[in-house]
Amino acid sequence: MRMQITDTAIDTRALQDQLADHRAGALVTFEGWIRNHNEGRDVTALEYEVYKPLAISEGEAIIQSVTTEIDVIDALAVHREGYLDLGGCAVWVGVISAHRDEAFRACRRIIDDIKVRLPIWKKEFYVDGDSGWVNCERCAAHGHEHHHHHRS
Amino acid sequence: MRMQITDTAIDTRALQDQLADHRAGALVTFEGWIRNHNEGRDVTALEYEVYKPLAISEGEAIIQSVTTEIDVIDALAVHREGYLDLGGCAVWVGVISAHRDEAFRACRRIIDDIKVRLPIWKKEFYVDGDSGWVNCERCAAHGHEHHHHHRS
Amino acid sequence: MKKITVRYFALFRDRAGCAEEIIETQAATTLDLFTALKDRHGTDDPRGHCKVAINDVMADWDTPISTGDVVLLFPPVAGG
Amino acid sequence: MKKITVRYFALFRDRAGCAEEIIETQAATTLDLFTALKDRHGTDDPRGHCKVAINDVMADWDTPISTGDVVLLFPPVAGG
């Protein structure tokens with residue numbers, strides 16, 4: 001399985017070891033980290049909700065599609081679910097190829113697609129005690145919001 | 001120092017730890033690995049010769065220039081010298097930024113510039129016992145070659 | 001009337017106050033169903049930012065629904 | 001005559017059979033020097049693929065050289 005969802009810390013070293021291949025001349029990795037601010041608010045922590053069956057199948061489809069289209073050797077991706085502190089690794093993508101251009105392009109494509117296609121939601125917790133689902137401001141059509149929502 | 005030259009194995013974990021920063025949302029890394037073929041020849045090992053004073057100053061200048069031009073938080077690069085076996089890591093570049101686009105672009109620029117600007121040479125060792133300096137075919141102007149040279 | 005299992009995620013679950021419910025509906029498509037449930041999930045028009053799946057397969061907003069389907073309503077995703 | 005220390009790297013060192021030598025030359029620029037030494041490093045024209053440095057600072061092929069300079073002759077680089 002090239003797309004994984006985990007509720008424990010992502011072990012990037014173990015993932016890189018899985019990608020070791022003597023045909024590969026390039027490894028490009030992306031890590032998404034929990035940063036201390038988003039859209040002007042101070043963030044203290046984050047919780048990811050993941051619908052695993054479809055997150056995995058969509059992720060596999062993305063990796064299959066990108067690695068078919070771009071000449072790479074292999075690719076892996078892992079996304080966290082659950083609660084993460086500041087600095088925590090939320091997502092990791094690694095791609096190996098013979099030459100670096102393909103690994104850079106494929107890694108970028110995979111993380112871009114993961115962010116828009118996988119059924120994953122994040123709730124941010126703020127310094128002021130408030131919290132909110134990211135990206136949900138467009139859903140506030142009825143004005144009966146109980147949560148803070150904002151663009152991210 | 002953000003550009004380092006080392007004659008021992010590159011410790012990518014320690015490098016990533018150096019880059020930890022709560023303002024960062026993205027880490028992009030590039031690793032160059034010794035692969036088992038180059039231009040149709042079977043490679044068994046590789047030796048890097050590095051002129052350290054200028055490799056370091058050129059690398060620092062590259063990182064300074066790229067991190068000034070592109071809005072990233074920090075960047076580090078390490079290049080090996082000496083003998084490497086197949087699968088070994090020859091070069092590592094890591095860039096952190098608030099958002100992923102900048103980290104991808106800066107990482108790509110840094111490795112591209114490292115490859116063309118740093119005074120580093122590599123000698124490949126082949127399965128058939130031959131060896132050759134990579135990229136030196138253009139220097140064979142006098143026909144008094146003792147080594148095998150080829151395009152890479 | 002069709003008997004449909006609806007599952008709400010993230011913000012939609014918070015608003016609906018439940019993760020799953022079984023409803024009877026005359027809705028022909030996923031969009032009809034979404035609109036019929038707007039007092040539950042609180043959103044007028046899902047097109048362009050919300051997603052829907054039927055029986056664990058991604059669907060479109062004009063996909064027909066049938067009795068027995070499990071319809072998953074996804075607010076805007078935010079992975080990564 | 002200028003007294004110049006020339007350092008050869010990688011392929012150039014292999015060809016010259018030494019890493020460094022002190023020479024006396026009337027060469028005005030790095031290119032003149034390179035050309036005067038072509039039986040040592042084995043290359044006619046360095047422009048476009050070889051590099052040169054003077055006293056640990058990168059130089060161009062039209063940079064003047066002076067007595068006491070340490071001139072570094074770099075064959076095509078291949079890092080990464």
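Chain letters run A, B, ... following the sequence lines, proteins first and then strands; every chain starts at 1. Values below: every heavy atom of this structure, side chains too, minus hydrogens, waters and symmetry copies.
- Cys107(A) touches chain B through backbone and side chain together, each having a heavy atom under 4.5 Å away.
- When all heavy atoms of Trp33(A) and Ala24(B) are compared, the closest pair comes out as CB-O, 3.5 Å.
- Chain A forms more heavy-atom pairs under 4.5 Å with one residue of Phe30(B), Phe104(B), Trp92(B) than with any other, namely Phe104(B).
- Interatomic distance, Arg35(B) CZ to His99(A) NE2, rounded to the nearest 0.5 Å: 4.5 Å.
- The distance from the CZ atom of Arg108(A) to the CZ atom of Arg108(B) is 12.5 Å, given to the nearest 0.5 Å.
- When Val28(A), Thr29(A), Asp21(A), Val93(A) are compared by the number of non-hydrogen pairs under 4.5 Å with chain B, Thr29(A) comes out ahead.
- Between Arg100(B) and Asp112(A), the closest side-chain pair of non-hydrogen atoms falls below 4.5 Å.
- The distance from atom NE2 of His22(A) to atom OG1 of Thr44(B), rounded to the nearest 0.5 Å, is 11.5 Å.
- When all heavy atoms of His37(B) and Arg23(A) are compared, the closest pair comes out as CE1-O, 3.6 Å.
- When each of Leu86(B), Leu27(B), Ile34(B) is scored by its heavy-atom pairs under 4.5 Å with chain A, the top score falls to Leu27(B).
- Comparing Asp101(A), Ile111(A), Val43(A) by how many heavy-atom pairs each has under 4.5 Å with chain B, the most go to Asp101(A).
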